[in-house]
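First comes the structure, then the notes that go with it.
These numbers were taken from a predicted model, which means no experiment stands behind them. Both backbone and side-chain heavy atoms feed into the values below; hydrogens, waters and symmetry mates do not. Just so we're on the same page: letters track the sequence lines, and every chain starts at 1.
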Amino acid sequence: MSTNPRQHKDAPLLEVNNLETAFSIDGTFYNAVDNVSFRVKPRQIVGIVGESGCGKSVMSLSVMKLLPKGIGQIRNGEIIFDGVHLEKMTDSEINKIRGKDIAMIFQEPMTSLNPVFSIGFQLQEVLFNHMKISKREARLKSIALLKSVGISRPEKIVDEYPHQLSGGMRQRVMIAIAIACQPKLLIADEPTTALDVTVQAQILELLKEIQEVNDMSVILITHDLGVVAEMCDEVIVMYAGKIAERTDVDSLFHNLKHPYTQLLMGAIPKMDEEVEKLSTIKGIVPSLKNMPKTGCKFAARCPKAMPECLTVTPRLAENEAGHEVACLLYETSQPKQEVNT
Amino acid sequence: MLQYTIRRLIGMIPIIFLISVVVFTLAKLMPGDALSGKIDPLNSDPEYIEEMREKMGLNDPIPVQYVRWMSGVVQGDFGDSFIHKRPVMELIGDRLPNTIILGLSALVITYLLAFLMGRYSGRFAYSIGDYLISAFNYLALAIPSFVAALVAIYVFAINLGWVPASGSIGSGVEAGTLEYYLSKAKHTVLPAIVLGAMATAAYTQFLRNDMIESSRKDYVRTARAKGTKESAIYNKHILRNSIIPIVTLLGFDIANLFGGAIITETIFTYPGIGYLFVESVHARDYSVMMAITMMLTILTLIGNLVADLLYGLVDPRIRLS
Ligand SMILES: Nc1ncnc2c1ncn2[C@@H]1O[C@H](COP(=O)(O)OP(=O)(O)OP(=O)(O)O)[C@@H](O)[C@H]1O
Ligand code: SF4
Ligand SMILES: [Mg+2]
């Protein structure tokens with residue numbers, strides 16, 4: 001496989017257009033994902049980064065239509081996967097896609113598995129959901145899957161229960177469940193955050209390996225820009241439910257444009273510097289209720305903020321080929337009418 | 001598991017002995033004795049009373065009396081009932097099947113109703129059906145069981161005449177015939193429903209709330225992400241977790257089977273253990289009272305053991321050792 005996935009010009013596997021996802025708080029809906037558009041091409045690994053609470057999980061749960069019922073809602077926009085609109089699907093329609101064509105692994109391996117069912121049962125369930133397969137075949141396949149995610153003694157583990165496994169092992173089981181039906185897209189929501197540093201590297205290695213073998217696309221959500229650099233083709237930087245910057249991974253490190261991304265980059269400790277230099281961004285992501293209605297949502301924390309940042313909402317637009325940014329420091333982000341005059 | 005059970009059973013022996021001392025002492029401390037329950041002390045010759053006391057061993061030191069009683073008990077002999085003039089074990093043997101039939105039917109009704117209603121309410125929380133079930137449950141909790149029993153007797157036995165108001169068997173029915181079993185069932189159905197339905201409220205709400213809580217768990221989201229159907233998510237993933245606390249309560253209910261029947265049996269004059277107990281307290285029939293108290297104690301201990309065993313059975317995280 002010598003072709004660079006970044007140069008693939010195939011039609012996108014996933015296309016998200018103007019997605020708005022809101023949560024109901026005391027009867028009013030507030031957008032947690034606000035007008036987000038992006039694409040994932042076949043075999044691409046797209047990283048999504050941003051501070052806690054900026055809407056990464058909500059965005060990925062929207063794609064899977066796993067938002068908490070009655071509280072979270074897709075209010076607007078399109079989610080087109082492999083040519084079909086997911087946002088219009090009923091539960092039973094999306095159930096044919098979930099686990100089969102799109103799979104997801106979660107942040108919390110300790111609680112993501114059902115404590116009262118064996119590992120084998122939980123693996124075989126996804127097989128039975130999507131394949132015509134006998135019990136014996138399913139068992140053999142689940143043992144093979146456990147083996148493929150690097151679990152030793154899979155014949156034994158298949159009959160054990162989640163509490164008998166370590167966090168890293170559980171996340172491997174979750175990965176085995178996710179890849180069981182060879183999905184086209186894997187969404188990994190901070191798959192290593194809860195794990196030991198040594199285990200983190202192993203799990204990421206495994207994901208990368210599986211992605212290559214299975215030819216999947218991956219959306220990798222993470223806090224860690226180092227992980228992005230190592231794994232991803234493209235990166236989306238989110239802030240307060242919006243995309244601040246979207247670019248290929250090379251320019252992320254050499255030519256980043258958005259002040260928020262610049263600060264995020266400053267927040268990664270460098271190997272040769274001491275830990276105390278780890279500069280975090282002052283303040284926190286505003287809560288849904290306290291989100292500014294107009295202007296740039298980052299204005300309150302932005303060191304480069306200008307007076308107009310409070311009133312004019314920056315537009316996400318291509319500033320250089322393949323590099324989108326939403327910041328008023330760049331001409332391209334001015335509202336359309338002004339750019340045209 | 002077998003080893004664990006045996007170890008637990010052996011561990012019960014000292015507790016049972018200790019409790020037997022307490023039961024015996026309390027019985028002795030209560031005013032009156034078997035004799036004063038049987039004869040009228042004012043109209044009897046004091047010499048005769050004294051002679052009887054001597055004969056019955058009531059004048060011996062208490063430890064001696066205890067040892068005499070206990071040596072019978074370990075051989076399964078609780079002495080004779082002074083009122084019924086029959087061995088206590090025989091008397092209990094007569095009444096026990098009635099209580100077991102009533103208690104088990106009530107238990108089945110309780111769990112069946114709780115399972116059906118709780119499962120519905122848990123899955124469709126805050127729906128109209130859920131509110132109706134909650135209303136029924138709060139009513140059942142608020143009304144004392146003796147009131148419910150009296151209302152049930154009035155409506156179903158007296159006004160509608162569907163079932164008899166009291167007893168456990170029709171008169172002149174021969175044991176072993178089909179008619180006998182039908183009569184038994186007819187006598188049991190009303191007290192069983194009252195006893196069973198009144199107890200169901202707590203279990204229903206328990207199951208409902210646990211299901212609502214389980215439905216928010218991460219593993220449910222995982223199941224959805226696998227494309228599992230909504231019905232399977234509730235009937236497998238959520239129910240299997242929420243059933244754990246309910247099943248373990250079953251062990252404790254074994255002991256309640258007898259305790260809870262006391263009021264119901266008395267109101268329905270249903271000749272079971274509970275009714276026998278109330279009778280024996282009134283008549284100061286100590287040997288019967290002590291036998292039933294001991295039985296309840298042992299049953300409670302066994303109920304605890306059953307609860308633990310069930311827990312180990314339904315929850316893979318629990319290792320019994
Ligand atoms: N069930 C919910 N009810 C109400 N608000 C919610 C709910 N889930 C998320 N939110 C809100 O949506 C916003 C985005 O949350 P989200 O979980 O997507 O953040 P995140 O970027 O994944 O953060 P983290 O890195 O901590 O996982 C937050 O303001 C959060 O409070
Ligand atoms: S638009 Fe203004 S406030 Fe927002 S990031 Fe750019 S400079 Fe900062
Ligand atoms: Mg998250």
Side-chain angles (χ1 to χ4, degrees), chain A residues 57 60-61 63-71 90-119 121-131 159-164 170 173-174 177-178 180-181 183 186-187 189, chain B residues 1 115 119-131 207-208 210-248 250 309-321:
Chain A
S57 294
S60 50
L61 291 174
V63 172
M64 287 289 273
K65 301 196 65 164
L66 285 173
L67 296 164
K69 283 213 169 66
I71 309 168
T90 62
D91 272 354
S92 58
E93 287 169 336
I94 190 95
N95 269 342
K96 298 203 181 81
I97 292 176
R98 281 182 196 150
K100 180 166 177 283
D101 298 317
I102 310 179
M104 185 158 178
I105 48 183
F106 302 95
Q107 197 164 341
E108 259 306 327
M110 299 314 269
T111 53
S112 290
L113 292 165
N114 195 326
V116 300
F117 292 113
S118 70
I119 301 301
F121 174 93
Q122 303 191 52
L123 250 166
Q124 284 155 33
E125 186 176 35
V126 69
L127 298 174
F128 289 131
N129 282 348
H130 301 293
M131 297 177 186
D159 293 318
E160 293 198 341
Y161 288 87
H163 71 272
Q164 293 166 285
R170 288 186 215 188
V173 171
M174 284 298 292
I177 291 172
C181 299
L186 175 70
I187 303 176
D189 187 354
Chain B
M1 186 120 140
F115 184 75
R119 202 177 66 149
Y120 179 90
S121 279
R123 178 161 176 192
F124 303 105
Y126 310 108
S127 67
I128 294 187
D130 175 36
Y131 285 125
L207 183 59
R208 170 192 183 271
D210 206 280
M211 281 183 70
I212 293 173
E213 191 157 323
S214 296
S215 71
R216 298 196 187 110
K217 291 277 166 67
D218 285 353
Y219 58 74
V220 172
R221 193 180 56 190
T222 305
R224 287 210 172 93
K226 289 195 274 190
T228 305
K229 282 200 215 90
E230 199 65 9
S231 58
I233 284 178
Y234 272 94
N235 294 337
K236 278 192 200 152
H237 288 270
I238 294 175
L239 202 59
R240 184 63 180 68
N241 275 280
S242 294
I243 213 76
I244 292 173
I246 302 283
V247 167
T248 54
L250 194 64
L309 290 177
L310 283 173
Y311 205 14
L313 216 60
V314 291
D315 192 336
R317 285 162 294 189
I318 305 295
R319 279 262 165 281
L320 298 176
S321 58

Pair B:H237-A:E125, side-chain contact (heavy atoms from CB on, under 4.5 Å): steps then yes or no: CA-CA 11 Å; B:H237 288 270; A:E125 186 176 35; 2.8 Å; yes
With side-chain contact (heavy atoms from CB on, under 4.5 Å) as the criterion, how do B:E230 and A:S92 come out once you've worked through the C-alpha distance, each side chain's angles and the decisive distance to 0.1 Å? CA-CA 8 Å; B:E230 199 65 9; A:S92 58; over 6 Å; no
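Heavy-atom pairs under 4.5 Å with chain B were tallied for A:I97, A:L66, A:L61, A:N114; the largest tally goes to A:N114. When the candidates A:G99, A:P68, A:S112 are compared by the number of heavy-atom contacts under 4.5 Å with chain B, A:S112 comes out ahead. Counting heavy-atom pairs under 4.5 Å between each of A:T111, A:I102, A:I94, A:D91 and chain B puts A:T111 at the top.
Environment of NZ in B:K217: crowded, with over 12 heavy atoms of neighbouring residues, nucleotides or ligands closer than 6.0 Å.
Looking at A:M110, neither its backbone nor its side chain comes within 4.5 Å of chain B, counting heavy atoms on both sides. Only the side chain of A:I177 comes within less than 4.5 Å of a heavy atom of chain B; its backbone N, CA, C and O stay farther away.
Across all non-hydrogen atoms, the minimal contact from B:D130 to B:F124 is CB-O, 3.4 Å.
No hydrogens or angles considered: a donor-acceptor pair under 3.5 Å links the side chains of A:N129 and B:T228.
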